[in-house]
Amino acid sequence: MGLRFLNTLRRELETFEPLSPGKATIYGCGPTVYGHAHIGNFRTFLFYDLVHRYLAWKGLRVRFVMNLTDVDDKTIKAAKAAGLTLSEYTRPYAESVIAESDILGIRRLERYPRATMYISEMLWLVGRLLERGLAYRTEDGSVFYDISAFPEYGKLSGTDLEAGRQGERVVDDDYGKDDVRDFALWKGVKPGDDEVGAAWDTPWGKGRPGWHLECSAMALSELGQTLDLHLGGEDLIFPHHEDEIAQSEGATGLPFARFWLHVKHLRVEGKKMSKSAGNFITVRQLLEEGVSPAAIRHQLISAQYRNDLNFTREGLEGSSKAVGRLLDFEERLAGHPVRPDAASTSLPALSDEAVASFTRSMDDDLNVSGGLAALFVFLNRTNTLLDATPALAESERNRALAVLASLDEVLGLLEVGHRARNVDGALEEWIEERIQARTRARSEQDWAAADAIRQELAGRGIVLEDGSAGTRWKVSPHNG
RNA sequence: GGCGCCGUAGCCAAGUGGUAAGGCAGAGGACUGCAAAUCCUCCAUCCCCGGUUCGAAUCCGGGCGGCGCCUCCA
């Protein structure tokens, strides 16, 4: 299908073909729901969305699952502090991730499994790994993975275990691990865990799952033993994904994921985002400030996922303008006059070229910058053509509109932008009435009255555009 | 210390051997009652030095600068 991804597993571009023709399975590591998701999280989720949409656009039936981690050190600690149970504490955040995803136009997924719902699958995995001699129990009721028993450990991250362990005599008093690099599959119960509902009975004592185990259990049970794609942030390559591989392949004996894609961390105003740097931004905050969802979406998808992306306020303004232009373009094209006897134009060629150029870029490891460029080249050339063409053949116009809609099935910018431009019926009636009044005033050359109405509408966030075909209106971008 | 990334116009960002996409901002012009939208023109030789090559932003070497991961942070 011509689509290539940089597979972290081999660090080179590989042509993507799903294991089962026509169908793709994807697992994306989701957030830990202990607070509101930040824009960095959403760069990642929007990247997931792009993978999801693009594969669907290419004609694949995609089964995409993203987990929500609701039991780990952070959620337990926060729940304890709040005096709530784990589920009481995490539910609002789990809901807000999905609500904000909706607002940003991220397609709903097949499932959003939550770790606490997969305890039995995890126990099965742990049992299996113990059986196969890949794990061992410790005195405190924990179970650790013995990475020395999994020779392929390190293949994803390129970690050379032997080199790192030269002369190392490890004694870890806290956990009693045989080797510092061994990781917890299951953790023995700690004081307070039970009160927040973070302890489960198991054959090896009461306890709760290790973080890495959660993803393996959810991915295997939701998507089968070998996934087509496994996605995550760059920070997860080691140890999280390395550990997932060890667990999953150790248990099944089969390749866990065929392609691993990792998205680079977002920067904010040129710096790493962190609470201490004071540049920690949540999507929730931006939305409360009135920033348009389409602008957020545009900026967060504007760079290819493996490259730096610098999130800036200035850039957000630019994104807002860019999306507004796209919306204006669509309206203009849709409203352009058609005539049965219109001469043919180069519009079909421009339409074809847009799709071809877009596909070429996106096939190249999801080069969204190139994809957006293809779209804007199409916009510019088509506008030029419309300026010079009083009326189009309907088929040509519709085809161009279909191309625009098609590209947006992947980008989702018009989709999200439309929402901000919709107004309710009552307001729309009022707007139409005012426009008619203004048109009368204009026909009488009563410019003062006409301008007064323009101002009146502007006060409600409505912008008017006088054209040869009459007056059109739209919701001001600054109100969107 | 280990692994890796990046350095392209005021800002964001494509391009990885044949003489610089796109977005935003800026300047000038067209159109326009005003405005909006739109169009046209202009605005970079790609951090520095050396090398390979007929030819390099693009490959190699060396600098300088910025950044990420390696701490259950996407």
Side-chain angles (χ1 to χ4, degrees), chain A residues 8 11 28-32 34 37-48 66 69 72-74 157-160 163-164 183-184 187 210-215 231-240 243 262-267 270-275 298-299 302-304 306-326 328-329 331-332 357 361 364 367-388 442 445-448 450-451 454-455 458 463-468 471-474 476-477:
Chain A
T8 307
R11 310 212 168 193
C29 278
T32 300
Y34 69 112
H38 53 70
I39 52 175
N41 289 313
F42 277 98
R43 177 189 194 185
T44 296
F45 306 152
L46 281 163
F47 158 63
Y48 293 177
M66 180 178 88
T69 297
D72 80 323
D73 289 348
K74 293 191 295 293
S157 56
T159 303
D160 184 343
F183 58 92
K187 297 183 169 185
W211 176 44
H212 312 302
L213 183 69
E214 300 178 3
C215 281
L231 318 176
E234 61 175 338
D235 57 313
L236 299 182
I237 297 172
F238 184 89
H240 186 55
D243 293 348
H262 292 95
V263 55
K264 192 157 188 175
H265 276 185
L266 181 72
R267 289 195 291 151
K271 294 184 188 147
K272 175 181 179 171
M273 180 170 61
S274 70
K275 283 180 177 157
H298 177 90
Q299 185 165 45
S302 64
Q304 197 255 4
R306 284 189 293 107
N307 282 121
D308 281 331
L309 197 173
N310 189 9
F311 188 91
T312 64
R313 292 287 173 169
E314 192 181 346
L316 215 43
E317 286 289 312
S319 288
S320 180
K321 296 272 180 59
V323 172
R325 232 179 122 203
L326 224 41
D328 287 340
F329 171 60
E331 283 185 23
R332 182 183 187 194
S357 172
S361 289
D364 181 17
N367 182 353
V368 186
S369 300
L372 283 168
L375 176 58
F376 278 90
V377 166
F378 175 60
L379 177 153
N380 176 257
R381 293 191 180 153
T382 301
N383 269 327
T384 303
L385 185 147
L386 295 182
D387 275 356
R442 290 180 75 214
Q445 302 208 344
D446 183 353
W447 307 127
D451 289 347
R454 178 189 284 288
Q455 284 307 311
V463 174
L464 301 183
E465 296 179 10
D466 297 324
S468 57
T471 299
R472 291 193 325 200
W473 62 271
K474 69 180 180 187
S476 160

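In the text below, chain A, chain B and the rest are named by the order of the sequence lines, each starting its count at 1.
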For this session: Look at the side chain of L379(A) and decide which nucleotide, out of C39(B), G22(B), A74(B), has an atom nearest to it.
Result: C39(B)
Exercise. Does the pair R332(A)/D387(A) count as a salt bridge with the N-to-O cut at 4.0 Å?
Worked result: yes
For this session: Could you tell me whether the side-chain ring of W447(A) sits stacked on the base of G33(B), using a centroid cut-off under 5.5 Å and a plane angle under 30°?
Result: yes
Seminar exercise, completed: If pairing means Watson-Crick or G-U wobble with both distances under 3.5 Å, then the partner of G50(B) is C60(B)
Exercise. D308(A) near the nucleic acid: base, sugar-phosphate alone, or nothing, with a heavy-atom cut-off under 4.0 Å?
Worked result: sugar-phosphate
Exercise. For L309(A), which contact category applies under a 4.0 Å heavy-atom criterion: base, sugar-phosphate, or nothing?
Worked result: sugar-phosphate
For this session: For the residue pair F45(A) and F42(A), categorise the inter-ring angle as parallel (less than 30°), tilted (30 to 60°) or perpendicular (more than 60°).
Result: perpendicular
For this session: Heavy atoms only: give me the nearest R306(A)-H262(A) pair and the separation to one decimal.
Result: CG-O, 3.9 Å
For this session: Select one nucleotide: of U38(B), A36(B), C69(B), the one nearest the side-chain heavy atoms of K474(A).
Result: A36(B)
Seminar exercise, completed: Note: W473(A) and E331(A) closest approach over all heavy atoms is O-OE1, 4.4 Å
Exercise. Watson-Crick or G-U wobble partner for G28(B), using a 3.5 Å limit on both distances?
Worked result: C40(B)
For this session: Give G30(A) one of three labels, base, sugar-phosphate or nothing, depending on what nucleic acid heavy atoms sit under 4.0 Å from its own.
Result: sugar-phosphate
For this session: Apply the test salt bridge (Lys or Arg N to Asp or Glu O under 4.0 Å) to residues E465(A) and R472(A): give CA-CA distance (whole Å), side-chain angles for both, the deciding distance (0.1 Å), then the verdict.
Result: CA-CA 5 Å; E465(A) 296 179 10; R472(A) 291 193 325 200; 3.3 Å; yes
Exercise. Does A74(B) have H38(A) stacked on its base, where the ring centres are within less than 5.5 Å and the planes differ by under 30°?
Worked result: no
Seminar exercise, completed: As its Watson-Crick or G-U partner within any shown strand, both distances under 3.5 Å, A9(B) has none
Exercise. Should N367(A) be listed as having a side-chain N or O under 4.0 Å from OP1 or OP2 of A14(B)?
Worked result: no
Exercise. Taking atom types as they are modelled, is there a donor-acceptor pair under 3.5 Å from the base of A14(B) to the side chain of S369(A)?
Worked result: no
Problem set entry | Counterpart base for U19(B), defined by Watson-Crick or G-U wobble contacts under 3.5 Å | none
Problem set entry | Closest-nucleotide ordering on RNA chain B, the 5'-leading residue of S319(A) and N310(A) | N310(A)
Exercise. Is a donor-acceptor contact shorter than 3.5 angstrom present between the side chain of R454(A) and the base of A35(B)?
Worked result: yes
Exercise. Taking the same atom, C1', in C6(B) and in C47(B), what whole-Å distance lies between them?
Worked result: 12 Å
Exercise. How far, in whole Å, is U8(B) from U58(B) if one measures between their P atoms?
Worked result: 13 Å
Exercise. In whole Å, what separates the P atom of U38(B) from that of A25(B)?
Worked result: 10 Å
For this session: Test for a donor-acceptor pair under 3.5 Å between the base of G33(B) and the side chain of D451(A), counting only N and O atoms.
Result: yes
For this session: Can you tell me, in whole Å, how much space there is between the C1' of G18(B) and that of A13(B)?
Result: 23 Å
Exercise. With a 4.0 Å cut-off on heavy atoms, is V377(A) in touch with a base, just the backbone sugar-phosphate, or nothing at all?
Worked result: sugar-phosphate
For this session: Answer yes when D466(A) and R454(A) have at least one side-chain N-carboxylate O distance shorter than 4.0 Å, and no when they do not.
Result: yes
For this session: Check every strand shown and say whether L464(A) touches a base, only sugar-phosphate, or nothing at a heavy-atom separation below 4.0 Å.
Result: base
Exercise. If you measure from the P atom in C60(B) to the same atom in C70(B), how many Å do you get, rounded?
Worked result: 28 Å
Exercise. Which base, if any, makes a Watson-Crick or G-U wobble pair with C69(B), both distances under 3.5 Å?
Worked result: G2(B)
For this session: Indicate the ring-plane relationship of F329(A) and F378(A), choosing parallel, tilted or perpendicular according to the 30° and 60° boundaries.
Result: perpendicular
Exercise. For K272(A) and C69(B), is the shortest distance between a side-chain N/O and OP1 or OP2 below 4.0 Å?
Worked result: yes
Exercise. At under 4.0 Å, does any side-chain N or O of N380(A) touch on OP1 or OP2 of C39(B)?
Worked result: yes
Exercise. Which nucleotide, A14(B), C34(B), U38(B), lies nearest any side-chain atom of Q304(A)?
Worked result: A14(B)
Exercise. Under 4.0 Å between a side-chain N or O of R325(A) and OP1 or OP2 of C24(B)?
Worked result: yes
Exercise. G232(A) near the nucleic acid: base, sugar-phosphate alone, or nothing, with a heavy-atom cut-off under 4.0 Å?
Worked result: sugar-phosphate
Problem set entry | Sugar-phosphate, base or nothing in reach of D328(A), heavy atoms under 4.0 Å | sugar-phosphate
Problem set entry | Distance-minimising heavy-atom pair for C215(A) and C29(A) | SG-SG, 3.8 Å
For this session: For C48(B) and C42(B), measure between their P atoms and round to the nearest Å.
Result: 26 Å
For this session: Look at the side chain of R442(A) against the base of G33(B) and say whether a donor-acceptor pair falls under 3.5 Å; ignore hydrogens and angles.
Result: yes
Problem set entry | Watson-Crick/G-U partner (both atom distances under 3.5 Å) of U45(B) | none
Exercise. Mind checking the P distance from C40(B) to C67(B)? Whole angstroms is fine.
Worked result: 40 Å
For this session: Report which part of the nucleic acid T384(A) touches: base, sugar-phosphate, or nothing (heavy-atom distance under 4.0 Å, all strands).
Result: sugar-phosphate
For this session: Would you indicate, yes or no, if A14(B) has its OP1 or OP2 atom less than 4.0 angstrom from a side-chain nitrogen or oxygen of N307(A)?
Result: yes
Exercise. Rounding to the closest angstrom, what is the interatomic distance between A21(B) and A9(B) at atom C1'?
Worked result: 14 Å
Seminar exercise, completed: 5'-most contact on RNA chain B (nearest-nucleotide basis), R306(A) vs K271(A), goes to R306(A)
For this session: Quick one: label R332(A) by what it contacts on the DNA or RNA (base, sugar-phosphate, nothing), any heavy atom closer than 4.0 Å.
Result: sugar-phosphate
Problem set entry | Touch class at under 4.0 angstrom, heavy-atom based, for R313(A) against every strand present | nothing
